2 protein chains.
Amino acid sequence: MDKEKELLAAALKLFVEFGFHGTPTSKIAKEAGVANGTLFHYFKTKEELIVKLYIRIKEELNGHMLSKLDDQTPLEIRMKTVYEESIQWALVHRDEFYFIQQFHFSPHLAKVSAEDLEKQTRMHAALLGEGVESRIFKALPVNLIGTLLASQLYGVHQYLVNNDLPVSKQKEVIDETFVLLWQMITNIKS
Amino acid sequence: MDKEKELLAAALKLFVEFGFHGTPTSKIAKEAGVANGTLFHYFKTKEELIVKLYIRIKEELNGHMLSKLDDQTPLEIRMKTVYEESIQWALVHRDEFYFIQQFHFSPHLAKVSAEDLEKQTRMHAALLGEGVESRIFKALPVNLIGTLLASQLYGVHQYLVNNDLPVSKQKEVIDETFVLLWQMITNIKS
DNA sequence: ATTTTTATAGAGTGATCAGTCAGTCTTATA
DNA sequence: TATAAGACTGACTGATCACTCTATAAAAAT
């Protein structure tokens with residue numbers, strides 16, 4: 001087995017349950033089934049482990065999204081895909097998503113390089129830019145539109161986590177709220 | 001001077017800068033200008049301090065909102081007041097608001113009693129209930145409407161933090177986005 | 001076959017930190 | 001004024017933790 005992956009998986013599980021400072025490196029090593037020192041063979045410091053875990057998870061999410069997007073489809077479809085697939089991914093990968101949020105409100109965020117951060121928003125920025133340039137979006141600042149999209153996405157995900165509905169109902173909520181969002185940010189009359 | 005308040009203020013400042021585990025109780029005491037042991041005279045444990053700080057801040061926010069609400073005004077005005085005043089408060093009390101978010105994604109949240117949590121959503125629940133019963137809102141689950149409101153509120157706040165606009169422009173963004181939100185969740189045609 | 005490099009182990013270490021304790025100072029009350 | 005109660009102090013402690021170090025085993029390179 002790949003000990004590095006074991007360590008990251010163990011860390012994720014423990015961080016979500018006990019928080020960053022609530023999980024000593026010794027517990028991570030134990031949970032991963034390796035010796036204490038082995039952890040420091042793969043990661044120079046605990047912080048490096050945390051940051052790498054974050055980047056790894058973000059890459060997974062990004063890879064997933066890219067695999068679902070098709071440049072040939074119209075903007076609305078691609079936006080819908082991003083919206084729906086993001087929520088679905090977050091529902092399936094609960095620990096990972098919670099970890100991302102935890103990480104975002106921690107001082108560790110500052111340790112992520114600017115490039116790494118930029119890499120993760122590039123796709124969204126491209127989509128939003130397209131919407132603005134093609135005048136499909138309302139005449140609002142592009143960042144504001146991005147914020148509206150992101151926050152509603154987070155919100156609807158939170159709603160689905162708090163109220164466990166059958167999968168079909170979940171899909172309905174996602175579809176309905178996307179229509180609401182689309183009406184809000186575009187000039188299109190339905 | 002009130003040492004308990006000094007301690008809470010010092011803790012807030014340090015927590016926001018260094019995170020919960022990044023700030024030892026010794027530093028909090030020093031920053032507050034009191035002896036180490038005094039901290040434990042007022043708070044049995046570090047965790048109690050953190051939780052009390054959270055509740056204190058939430059009470060302040062709630063008190064502020066209540067002072068701005070007038071039962072006589074129509075629902076739309078009251079909702080707008082909640083929306084606008086929440087964002088304004090968060091902009092003025094940056095540290096407090098950041099702390100709330102930090103706290104929300106930490107294991108400490110579990111230590112807040114159910115009553116304390118309920119107390120903080122009562123006002124919002126009442127407003128939302130009124131909107132549903134009066135059929136002003138669309139026929140959507142009340143929690144979903146609440147989520148849509150809350151998430152957009154958070155989002156617009158984040159947008160204003162990331163882009164520093166003159167106050168008049170800020171007000172414009174708040175007004176505009178409230179109209180968008182209101183159109184999204186109500187049946188009213190503008 | 002021999003050397004070098006890499007992976008793994010786990011006991012050990014120095015620093016840090018939450019929380020204690022024994023005692024002093026301040027204030028209120030009798 | 002005497003006494004009690006509460007506020008306050010800061011040195012101290014026991015535990016914990018991130019990280020190191022030495023040693024060994026496995027794998028790769030020569």
Side-chain angles (χ1 to χ4, degrees), chain A residues 1-57 95 99 102-103 105-113, chain B residues 1-57 95 99 102-103 105-113:
Chain A
M1 8 106 193
D2 184 337
K3 312 235 170 182
E4 189 180 338
K5 270 192 185 138
E6 295 282 332
L7 281 164
L8 288 172
L12 174 61
K13 183 183 161 190
L14 294 169
F15 285 155
V16 166
E17 188 167 358
F18 305 108
F20 297 128
H21 80 288
T23 71
T25 52
S26 56
K27 280 226 186 75
I28 297 172
K30 202 176 202 174
E31 171 84 22
V34 303
N36 208 305
T38 304
L39 188 151
F40 290 93
H41 174 71
Y42 288 102
F43 310 96
K44 270 196 279 294
T45 65
K46 186 185 186 181
E47 172 133 52
E48 183 179 310
L49 184 156
I50 295 173
V51 173
K52 273 199 182 157
L53 179 55
Y54 174 75
I55 291 175
R56 202 65 68 89
I57 291 174
D95 284 355
F99 173 83
Q102 243 183 314
F103 187 91
F105 289 104
S106 81
H108 302 295
L109 181 62
K111 301 285 175 176
V112 180
S113 71
Chain B
M1 10 107 193
D2 184 337
K3 312 232 170 185
E4 190 180 337
K5 272 192 184 139
E6 295 283 333
L7 281 164
L8 289 173
L12 173 62
K13 183 183 159 189
L14 294 170
F15 285 156
V16 167
E17 188 167 359
F18 305 108
F20 296 128
H21 79 288
T23 72
T25 52
S26 56
K27 278 226 188 76
I28 297 172
K30 202 175 203 178
E31 171 85 20
V34 303
N36 209 305
T38 304
L39 188 151
F40 292 95
H41 175 69
Y42 287 103
F43 310 96
K44 272 198 280 293
T45 64
K46 185 184 186 183
E47 172 135 51
E48 184 179 307
L49 184 156
I50 294 174
V51 173
K52 274 198 181 157
L53 179 56
Y54 174 74
I55 292 175
R56 202 64 68 88
I57 290 174
D95 284 355
F99 172 83
Q102 241 183 316
F103 186 91
F105 289 105
S106 82
H108 303 294
L109 181 62
K111 301 286 174 174
V112 180
S113 72

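In what follows, every chain begins at residue 1, and chains take the letters A, B, ... in the order their sequences are listed. Keep in mind that the numbers below use all heavy atoms, side chains included, and drop hydrogens, waters and symmetry copies. The shown structure was predicted, so the numbers you read here are calculated from the model rather than taken from an experiment.
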Practice task
Answer yes or no: is there a donor N or O on one side and an acceptor on the other, between the side chain of K52(B) and the main chain of L8(B), under 3.5 Å?
Solution key: no

Handout entry: Sequence neighbours excluded - side-chain hydrogen bond (donor to acceptor under 3.5 Å, both in side chains) pairs with any residue from residues 2-14 of chain B
Key = E4(B)-R56(B), K13(B)-E31(B)

Practice task
Check each residue of residues 29-54 of chain A for a non-hydrogen atom within less than 4.0 Å of any atom in DNA chain C, then write out the ones that pass by number, or none.
Solution key: V34(A), A35(A), G37(A), T38(A), H41(A), Y42(A)

Problem - Length of the line joining L14(A):CG and dA18(D):P, which is rounded to integer Å - result: 12 Å

Problem - Beyond-backbone contact of T25(A) with F43(A), side-chain heavy atoms, under 4.5 angstrom - result: no

Handout entry: Whole-Å gap separating P (dA18(D)) and NE2 (H108(A))
Key = 11 Å

Exercise for the section: Using a 4.5 Å cut-off on heavy atoms from C-beta on, say whether the side chain of L53(B) contacts that of F15(B). Expected result: yes

Practice task
Tell me whether the OP1 or OP2 atom of dG6(D) has a side-chain N or O from K3(B) closer than 4.0 Å.
Solution key: no

Exercise for the section: Using the side-chain contact (heavy atoms from CB on, under 4.5 Å) rule, take F103(B) and V112(B) through it: C-alpha gap first, then chi angles, then the decisive distance, then the call. Expected result: CA-CA 11 Å; F103(B) 186 91; V112(B) 180; 3.7 Å; yes

Completion exercise
Outermost contacting nts on DNA chain C, any atom under 4.0 Å from chain B heavy atoms, listed 5' then 3', are dC17(C) to dT20(C)

Problem - Results of ring pair (Phe, Tyr, Trp, His ring centres under 6.0 Å) for F105(A) - residues two or more places apart only - result: Y98(B), F105(B)

Problem - Point-to-point distance, once rounded to the nearest 0.5 Å, from OG1 of T23(A) to CG of L12(A) - result: 10.5 Å

Please write out the pairs of protein N or O atoms and N or O atoms of nucleotides 23-27 of chain D separated by less than 3.5 Å, giving the distance to one decimal.
none

Practice task
With the side chain counted from C-beta on, respond yes when Y42(A) and L49(A) share a heavy-atom pair under 4.5 Å apart, and no when they do not.
Solution key: no

Completion exercise
Tested for ring pair (Phe, Tyr, Trp, His ring centres under 6.0 Å) against H108(B), the lone hit among F99(B), F20(B), Y54(B) is F20(B)

Exercise for the section: State which residues pass ring pair (Phe, Tyr, Trp, His ring centres under 6.0 Å) with F40(B); sequence neighbours excluded, sorted by chain then number. Expected result: none

